[in-house]
2 protein chains.
Amino acid sequence: MTGEQLEATIERVTRRLRADVGRDWCPCHALPRGRCPGTEQTAGGQSIEAPTAAGLARLIDHTLLRPEAARPDIVRLCQEGLAFAFATVCVNPWWVPEAAARLAGSPVGVCAVVGFPLGALPPALKRQEAAAVLGDGASEVDMVVNLGAVKSGEWPVVCAEIEAVVAEAARHGALVKVILETALLGLEEKIAVALVARGAGASFVKTSTGFGPGGATVDDVRLLRRVVGSAMGVKASGGIRDASHAAALLDAGATRLGTSAGMVIVREWEVAQGRSQ
Amino acid sequence: MTGEQLEATIERVTRRLRADVGRDWCPCHALPRGRCPGTEQTAGGQSIEAPTAAGLARLIDHTLLRPEAARPDIVRLCQEGLAFAFATVCVNPWWVPEAAARLAGSPVGVCAVVGFPLGALPPALKRQEAAAVLGDGASEVDMVVNLGAVKSGEWPVVCAEIEAVVAEAARHGALVKVILETALLGLEEKIAVALVARGAGASFVKTSTGFGPGGATVDDVRLLRRVVGSAMGVKASGGIRDASHAAALLDAGATRLGTSAGMVIVREWEVAQGRSQ
């Protein structure tokens, strides 16, 4: 697809959404930015300086979402989060109080997933879940979009659920990332969800849950960055295992990486930077 | 493992649980049975008559939990549920109102999953989710146990979350199935969760989400049936694709099957019964 064809597709999806959701929706309003360490640092697709290893760590959500993770695993995750000064540790709702207690007063945030990983909850339940994790100390909420509503073209629902979670997060000064599960979406669906997420006031779009049929791709990150522009974050997640993949995703416009391999990636990054000096 | 060794293991786990959770817990009290068509029909491990194809259908939860399922898919699922007179259709929370509207007044129930598929929510959120799906018309709730709490030996939490959902379901005359995700648990953990589920008043234990690393096995069904006795249901789920597997699971003590292949299984069953007459 040429750049022109992509522009035309984005324009077409934007018009259709405006008709579906109503004229008052989708103003490109000021976004709640909270304390996101990543958003400012790369605009994507531009030639920017590669971050230092410490700078890279500040772009990583150190993630443990396996359902069988036990409390000692979460404790270790938090210790690693502090040692590497990652952006956040990313955990399931049940573990938010433990993580928040261990990271209190540190620069490492607590990222909680909501509606995860299937996204098939009504907006009110997503809002309740967000309220609970925010009350428990989460500083960032990664919500899975209602994929069934997306596939059914029910855009007002998608808009409503994101706005509901954003409203809850705003009360806590927290930010919201909207997970698309890109491997399950077609091009126009990806564009539409990204536009709705932007219009509904989310701070980031995010590629994948890590539980779906595919993870972050360079092409998807580039697409999302193109759609949301420079004022929003793009989080790449799912299957990020090494520094070269991380570098490619950042180069494509990612401003945050979700991975359970953050320690390996940061160490590889250090080695690679040592070599290039 | 011999039968005697298994008995000794069950006894040991029971004692440990009693110490962990407190003496007042785990009475083998009368269970809320609701309108479960399956519980009475097979006790498992006994020589019983094979059900007719129609009887088999009444043991099946006709299931569609893929996150990308769209509204027309759910409508079709309900039509199939009615045509085959399955026990229930089993859907994600977002689709409960649609399914309840389409199945109202029929013998086909609506089964909603809660805390699905990771189970890593605090008890209060599971209760809220259960309340929402019950209010929307679910007649059965399949909740995923908090696997992280199980792995951490935090049995009072596991007991509390099941009791919370059971209490909510009781107000609606609905029944609760507790999903163990057996592929992630060791023998003693499976025994312990089944005992806690029984003690907390659940109506069924259920093997798998279908999203984990493994599905229903004959051995797990036999174990669960042995642990919970004959007064509770055992639902086998995950990877059930044909009539011979279904027959083996029923023979091992399953009283409900969760599958997306229910129509194929019932037709195979009809053919097999035609041959044997």
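Because only heavy atoms are used, hydrogens play no part in the values below, and waters and symmetry mates are left out as well, while side chains stay in.
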Side chain / backbone / both / neither for [X] at chain B, heavy atoms under 4.5 Å:
{"X": "A:Ala132", "value": "side chain"}
{"X": "A:Leu125", "value": "side chain"}
{"X": "A:Val157", "value": "side chain"}

Short donor-acceptor contacts under 3.5 Å linking chain A with chain B:
residue  : atom : partner  : partner atom : Å
A:Pro67  : O    : B:Gly148 : N            : 3.2
A:Arg71  : N    : B:Ser152 : OG           : 3.0
A:Arg71  : NE   : B:Glu154 : OE2          : 2.6
A:Arg71  : NH2  : B:Glu154 : OE1          : 2.9
A:Arg71  : NH2  : B:Glu154 : OE2          : 3.3
A:Trp94  : N    : B:Ala120 : O            : 2.9
A:Ala120 : O    : B:Trp94  : N            : 2.9
A:Gly148 : N    : B:Pro67  : O            : 3.2
A:Ser152 : OG   : B:Arg71  : N            : 3.0
A:Glu154 : OE1  : B:Arg71  : NH2          : 2.9
A:Glu154 : OE2  : B:Arg71  : NE           : 2.6
A:Glu154 : OE2  : B:Arg71  : NH2          : 3.3

Interface residue of largest heavy-atom contact number with chain B, from A:Pro72, A:Gly119, A:Pro117, A:Ala149, under 4.5 Å: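 Highest number of heavy-atom pairs under 4.5 Å: A:Pro117.
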Winner by heavy-atom pair count (cut-off under 4.5 Å) against chain B, out of A:Ala69, A:Ala70, A:Ala120: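 The candidate making the most pairs under 4.5 Å is A:Ala120.
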With a 4.5 Å cut-off on heavy-atom pairs, point out which of B:Leu121, B:Val150, B:Ile74, B:Val144 contacts chain A the most.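 Among B:Leu121, B:Val150, B:Ile74, B:Val144, the one with the most close pairs to chain A is B:Leu121.
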Any side-chain heavy-atom pair of B:Pro97 and A:Pro122 under 4.5 Å: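 Not in contact.
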Is B:Leu65 in contact with chain A via its backbone, its side chain, both, or neither, using a 4.5 Å heavy-atom distance?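 Only the backbone of B:Leu65 comes within 4.5 Å of chain A.
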Heavy-atom proximity to chain A below 4.5 Å, by part of B:Phe211: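 Just the side chain, heavy atoms under 4.5 Å.
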Grab the two heavy atoms, one from B:Leu118 and one from A:Pro67, that are nearest each other, plus how far apart they are.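 Nearest pair, atom of B:Leu118 first, then A:Pro67: O-CB, 3.4 Å.
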